[in-house]
Enquirer: 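To start, I am sharing the structure in question, which I have written as structure tokens.
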Amino acid sequence: MVRGIQIFRAVLAATLVLGCSTRNLREAQDSYSNAVEAESSITIHSRLSALSQYKIALATVNEVIAGDKEGLEKDGLLGVAYTLKALTLFNIADLETDRIVSGEGPSLDKPQIDEAKATCQELLAFLRQVYPESCDPSIAYGTRDRVVMRGLYGLYDYIGGRAEPDPTKAVRWFKSARRQLDEARRRAPATHDVQAVIAIYQLTVLAEWDWRAELTGNDSSLRSGPGGEDLVEAWTQKTLCRTERFWCGERRRGAESERLTVFWERILISGIKPSKPTCETLRQSGELN
């Protein structure tokens with residue numbers, strides 16, 4: 001499997017649909033979109049530029065929430081603003097973790113670790129405040145935002161796995177991330193487009209998990225379950241089969257559909273797309289629920 005960190009970033013901007021006239025909130029999303037675009041070029045400069053844009057987006061959305069929380073709630077946009085803030089915090093934490101994982105400059109080790117941990121803690125605290133893990137939030141969220149917010153608990157765990165130097169402990173993080181993302185996908189109809197976004201998150205976690213196993217000499221024990229099954233391969237197959245309609249060529253209108261289509265084409269090129277008989281077998285056995 002191909003490591004998935006850069007694969008899913010391009011669709012994150014598509015998870016936010018504002019459809020509103022709130023100028024500052026639009027500005028925050030624009031900064032977020034600019035950051036995603038900057039990351040499409042995998043260089044140190046582009047990462048620093050993206051990190052700067054995400055921080056601008058965070059400052060802007062914080063200002064919007066603090067200055068007009070009641071107005072946002074009245075217009076049904078508070079959940080949108082919260083989702084934008086949470087996604088921005090995730091991307092900042094993930095980029096800061098990139099610096100730790102890549103081992104940039106030993107003189108910067110401590111601030112890198114401190115920054116990444118602080119942002120992760122801020123993300124988790126914010127999620128628990130506005131989208132409790134164990135109960136329905138009191139704030140109104142659209143289907144897309146509701147699923148993405150729940151999925152961010154899984155992305156938090158994903159960062160934890162990336163930053164964990166011990167491969168065995170990292171796998172615990174990745175398993176938790178997958179469970180959290182599975183819970184997120186259950187909060188939307190199987191036909192909703194956000195299912196593809198959650199699938200991309202899940203595949204990213206599985207790709208990182210697979211990559212860590214390869215770094216340790218392709219250690220099969222890091223992939224296997226109680227019965228010896230290769231969990232990474234099995235869960236990748238299930239994730240792709242569950243969203244089969246996207247890579248079967250069904251076309252939908254809009255920029256989001258185009259981004260998702262590009263993703264599924266990459267999956268096809270990489271050679272990990274399961275066969276129709278495989279998907280049918282999994283479906284008949286009830287393993288795609």
Side-chain angles (χ1 to χ4, degrees), residues 1-9 12 35-36 38-39 42-44 46-55 57-58 85-128 131 133 148-184 198 200-219 221-223 231-232 235-236:
M1 188 192 299
V2 178
R3 191 180 185 202
I5 292 173
Q6 294 297 330
I7 292 178
F8 80 81
R9 282 202 193 278
L12 284 176
V36 172
E39 283 191 89
I42 310 174
T43 65
I44 291 177
S46 67
R47 287 190 306 177
L48 292 175
S49 174
L51 187 57
S52 175
Q53 287 291 338
Y54 283 129
K55 289 183 176 180
L58 180 61
K85 176 175 177 175
L87 275 171
T88 304
L89 283 169
F90 160 71
N91 281 286
I92 292 171
D94 200 31
L95 281 170
E96 289 168 346
T97 303
D98 274 348
R99 298 169 67 187
I100 298 171
V101 173
S102 64
E104 288 182 17
S107 64
L108 296 177
D109 280 352
K110 189 175 186 302
Q112 288 170 14
I113 293 170
D114 288 349
E115 289 169 10
K117 284 185 176 178
T119 308
C120 281
Q121 289 168 357
E122 184 179 354
L123 169 61
L124 187 59
F126 180 67
L127 287 172
R128 287 173 172 169
Y131 201 103
E133 184 178 2
V148 169
M149 287 293 277
R150 187 61 182 81
L152 277 159
Y153 283 97
L155 294 181
Y156 167 84
D157 288 343
Y158 159 76
I159 292 177
R162 291 192 62 214
E164 174 54 62
D166 184 321
T168 303
K169 292 179 180 178
V171 167
R172 290 183 59 217
W173 283 96
F174 296 142
K175 286 183 177 179
S176 178
R178 180 192 170 273
R179 287 195 298 270
Q180 296 280 34
L181 289 166
D182 237 16
E183 175 59 34
I198 294 300
I200 292 168
Y201 294 167
Q202 290 178 315
L203 291 169
T204 300
V205 171
L206 292 166
E208 185 74 16
W209 181 351
D210 185 64
W211 180 72
R212 288 299 294 275
E214 288 180 6
L215 281 183
T216 57
N218 225 8
D219 187 349
S221 68
L222 296 179
R223 295 189 180 91
L231 294 178
V232 174
W235 285 340
T236 298

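If you read the sequence from its start, that first residue is 1, and numbering goes on from there. Since the model is a prediction, treat every value here as computed from it, not as a measurement.
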Enquirer: How far does CG of D94 sit from CG of L51, to the nearest 0.5 angstrom?
Expert: 11.0 Å
Enquirer: If I compare all heavy atoms of A163 with all of P165, which pair ends up nearest, and what's the gap?
Expert: O-CD, 3.3 Å
Enquirer: For L87, is there any backbone N or O sitting under 3.5 Å from a side-chain donor or acceptor partner on N91?
Expert: yes
Enquirer: Determine the minimum heavy-atom distance between Y158 and E208, stating which atoms define it.
Expert: CE1-CB, 3.9 Å
Enquirer: Please give me the minimum heavy-atom distance between I92 and T119, naming the atom from each residue.
Expert: CG2-CG2, 3.9 Å
Enquirer: Please report the closest heavy-atom contact between I198 and A184, naming both atoms and the distance.
Expert: CD1-CB, 4.2 Å
Enquirer: What's the separation between atom NZ in K55 and atom OG1 in T88, rounded to the nearest 0.5 Å?
Expert: 12.5 Å
Enquirer: Going by side-chain contact (heavy atoms from CB on, under 4.5 Å), name the residues that satisfy it together with R172, two or more places apart in sequence or in a different chain.
Expert: none
Enquirer: Out of curiosity, E164 CD to I159 CD1, how far, rounded to the nearest 0.5 Å?
Expert: 14.0 Å
Enquirer: What's the shortest heavy-atom distance between L181 and G154, and which atoms?
Expert: CG-CA, 4.2 Å
Enquirer: With sequence neighbours excluded, tell me which residues meet side-chain contact (heavy atoms from CB on, under 4.5 Å) with L222.
Expert: P167, T168, V171, A213, T216, D219
Enquirer: Listed by chain and number, what are the side-chain contact (heavy atoms from CB on, under 4.5 Å) partners of A86, not counting sequence neighbours?
Expert: L123, F126, L127, M149, L152
Enquirer: By salt bridge (Lys or Arg N to Asp or Glu O under 4.0 Å), which residues pair with E183, not counting sequence neighbours?
Expert: R186, R187
Enquirer: Taking the side chain as every heavy atom from C-beta outward, state whether W211 and R162 have any pair of such atoms under 4.5 Å apart.
Expert: no
Enquirer: I need the minimum non-hydrogen distance between G161 and R212, along with the two atoms involved.
Expert: O-NH1, 2.9 Å
Enquirer: Using side-chain heavy atoms (C-beta onward) and a distance below 4.5 Å, is L89 in contact with Y54?
Expert: no
Enquirer: At what distance, to the nearest 0.5 angstrom, does OH of Y201 lie from CG of L206?
Expert: 15.0 Å
Enquirer: Identify, with sequence neighbours excluded, every residue that meets ring pair (Phe, Tyr, Trp, His ring centres under 6.0 Å) alongside Y131.
Expert: Y141
Enquirer: Would you give me the side-chain donor-acceptor pairs under 3.5 Å for residues 173-180, sequence neighbours excluded?
Expert:
| from | atom 1 | to | atom 2 | distance (Å) |
| --- | --- | --- | --- | --- |
| S176 | OG | D157 | OD2 | 2.6 |
| Q180 | OE1 | R150 | NH1 | 2.8 |
| Q180 | OE1 | R150 | NH2 | 2.9 |
| Q180 | NE2 | E133 | OE2 | 2.6 |

Enquirer: With side-chain contact (heavy atoms from CB on, under 4.5 Å) as the test, would you mind laying out the steps for Y153 and R128 before giving the verdict?
Expert: CA-CA 9 Å; Y153 283 97; R128 287 173 172 169; 3.9 Å; yes
